[in-house]
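These numbers come from a predicted model, not from an experiment. Throughout, numbering of the chain's residues begins at 1 and tracks the sequence.
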Amino acid sequence: GKDLVAIADTYISPIRLYSGLNGSDNKYTKVEDIPANGEIAVPNDATNESRALYLLQSAGLIKLDVSGQTLATIKDITSNPKNLVIKELDASQTARALDSVDAAVINNNYAVTAGLKKSDAIFTEPVNKDSQQWINIIVANKKDENNTVYKDVVKAYETEATKKTIAKAYPDKSTIPAWGLKLK
């Protein structure tokens, strides 16, 4: 019931596309290897499914008729040249499905829990205008957006020291600072 506004960007943890598994080996080493009629698991909640679909579009597997700040659904797929089957699963189950699908879009936290590394991914979400909506933000009540205390908090956060702390906490760059990025 509050009128909240974004006052600063913080970081983004790009999601990734992982190959399905054949035993302990990856079925595929690159996106182009995913076969026609292949199954791709995606999270089934509105936000993460949208994010997964934008990732699949960036990977060249599908095309959507929405962009930017619009949430995408399977109904927004306008082109699917490989006739891929999009299998909607609870986000917590996407990593567990790797042995029964050709690929899965997996959120960073579930990938880490499953022991998957960033380097295991066959495609990583680009940070661009379509992924801008997934950048974590600092918010304030609309009436307080120009409050000097909040501006000081943002100034204290958006520093080289914070960037170094993020880099130290995520040496694999699975989470990256997002302020000041020029998104195309």
Side-chain angles (χ1 to χ4, degrees), residues 1-18 41-59 62-76 88-95 104-121 123-184:
K2 301 289 182 184
D3 190 15
L4 300 176
V5 294
I7 60 170
D9 291 334
T10 60
Y11 61 86
I12 186 168
S13 299
I15 60 174
R16 295 178 287 285
L17 179 66
Y18 291 90
V42 299
N44 67 356
D45 62 280
T47 301
N48 287 310
E49 179 174 283
S50 177
R51 193 173 181 184
L53 294 173
Y54 279 113
L55 176 141
L56 295 176
Q57 176 174 261
S58 293
I62 63 171
K63 288 188 181 167
L64 301 167
D65 66 358
V66 294
S67 65
Q69 298 298 309
T70 304
L71 288 178
T73 69
I74 289 175
K75 293 178 184 175
D76 295 312
E88 299 167 292
L89 300 174
D90 183 274
S92 65
Q93 299 303 307
T94 54
V105 178
I106 305 174
N107 294 71
N108 194 39
N109 57 321
Y110 295 117
V112 169
T113 301
L116 298 169
K117 298 180 192 103
K118 180 182 172 192
S119 60
D120 296 331
F123 191 80
T124 299
E125 174 184 38
V127 180
N128 60 23
K129 67 178 178 57
D130 288 334
S131 61
Q132 181 177 12
Q133 61 187 315
W134 318 122
I135 292 174
N136 291 280
I137 56 176
I138 299 171
V139 300
N141 286 316
K142 174 82 172 140
K143 66 181 176 70
D144 295 323
E145 73 180 305
N146 292 313
N147 182 309
T148 55
V149 171
Y150 296 145
K151 289 186 177 282
D152 288 345
V153 167
V154 170
K155 185 177 178 182
Y157 181 86
E158 293 180 343
T159 65
E160 283 303 311
T162 303
K163 284 183 179 181
K164 287 178 183 176
T165 300
I166 292 170
K168 184 176 179 181
Y170 302 96
D172 65 350
K173 296 185 174 133
S174 61
T175 295
I176 56 174
W179 63 92
L181 296 176
K182 301 215 184 313
L183 304 176
K184 295 180 183 182

Measure across Thr10 and Ile138 and return the closest heavy-atom pair with its distance rounded to 0.1 Å. CG2-CG1, 3.5 Å
One should read off an interatomic distance between Glu88 CD and Glu49 CD, to the nearest 0.5 angstrom, of 4.0 Å
Evaluate side chain to side chain contact (heavy atoms under 4.5 Å, CB included) for Asn141 paired with Leu4, printing each intermediate quantity in order. CA-CA 4 Å; Asn141 286 316; Leu4 300 176; 3.3 Å; yes
Report yes if the side chains of Ile166 and Ile176 come closer than 4.5 Å at any heavy-atom pair, otherwise no. no
Minimum heavy-atom separation for Ser58 and Asn128, please, with both atom names. OG-ND2, 4.1 Å
Test log, rule side chain to side chain contact (heavy atoms under 4.5 Å, CB included), inputs Leu17 and Val105: CA-CA 4 Å; Leu17 179 66; Val105 178; 3.8 Å; yes
Using atom types as modelled and distance alone, determine if a side-chain donor or acceptor of Thr113 lies under 3.5 Å from a backbone N or O of Asn109. yes
Would you confirm whether Lys118, through its side chain, and Asp172, through its main-chain N or O, come within 3.5 Å as a donor-acceptor pair? yes
Mind running side chain to side chain contact (heavy atoms under 4.5 Å, CB included) on Leu181 and Asp9 for me, showing each step along the way? CA-CA 9 Å; Leu181 296 176; Asp9 291 334; over 6 Å; no
Rounded to the nearest 0.5 angstrom, the CH2-CG distance for Trp134 and Leu55 is 11.5 Å
Main-chain N/O of Ala46 paired with Ser50 side-chain donor or acceptor, under 3.5 Å: no
Find the distance between CG (Asn136) and OH (Tyr11) and round it off to the nearest 0.5 Å. 4.0 Å
State, to 0.1 Å, how close Ile62 and Leu53 come at their nearest heavy-atom pair, and which atoms those are. CD1-O, 3.6 Å
Measure across Tyr54 and Gln133 and return the closest heavy-atom pair with its distance rounded to 0.1 Å. CE1-NE2, 3.5 Å
Heavy-atom closest pair (Ala95 atom, Tyr110 atom, distance to 0.1 Å) is CB-O, 4.3 Å
For the atom pair CG (Asn107) and CZ (Arg51), what is the distance rounded to the nearest 0.5 Å? 6.5 Å
For Thr165 and Thr162, run side chain to side chain donor-acceptor pair (under 3.5 Å): C-alpha distance rounded to whole Å, both residues' side-chain angles, the deciding distance at 0.1 Å, then the answer. CA-CA 5 Å; Thr165 300; Thr162 303; 5.9 Å; no
Any donor-acceptor pair under 3.5 Å from Asn147 side chain to Val149 backbone: yes
Roughly how far, to the nearest 0.5 Å, is CG of Asp130 from CD of Gln57? 6.0 Å
Would you say the side-chain atoms of Thr47 and Asp45 include a donor-acceptor pair closer than 3.5 Å? no
Nearest heavy atoms of Ala178 and Ile135, plus distance in Å: CB-CG2, 3.5 Å
Do Thr70 and Asp76 have side-chain heavy atoms sitting under 4.5 Å apart? no
Determine whether a donor-acceptor pair (N or O, by modelled atom type, separation under 3.5 Å) exists between the side chain of Thr94 and the backbone of Pro43. no
Distance (rounded to the nearest 0.5 Å) between Arg16 CZ and Thr124 OG1: 6.0 Å
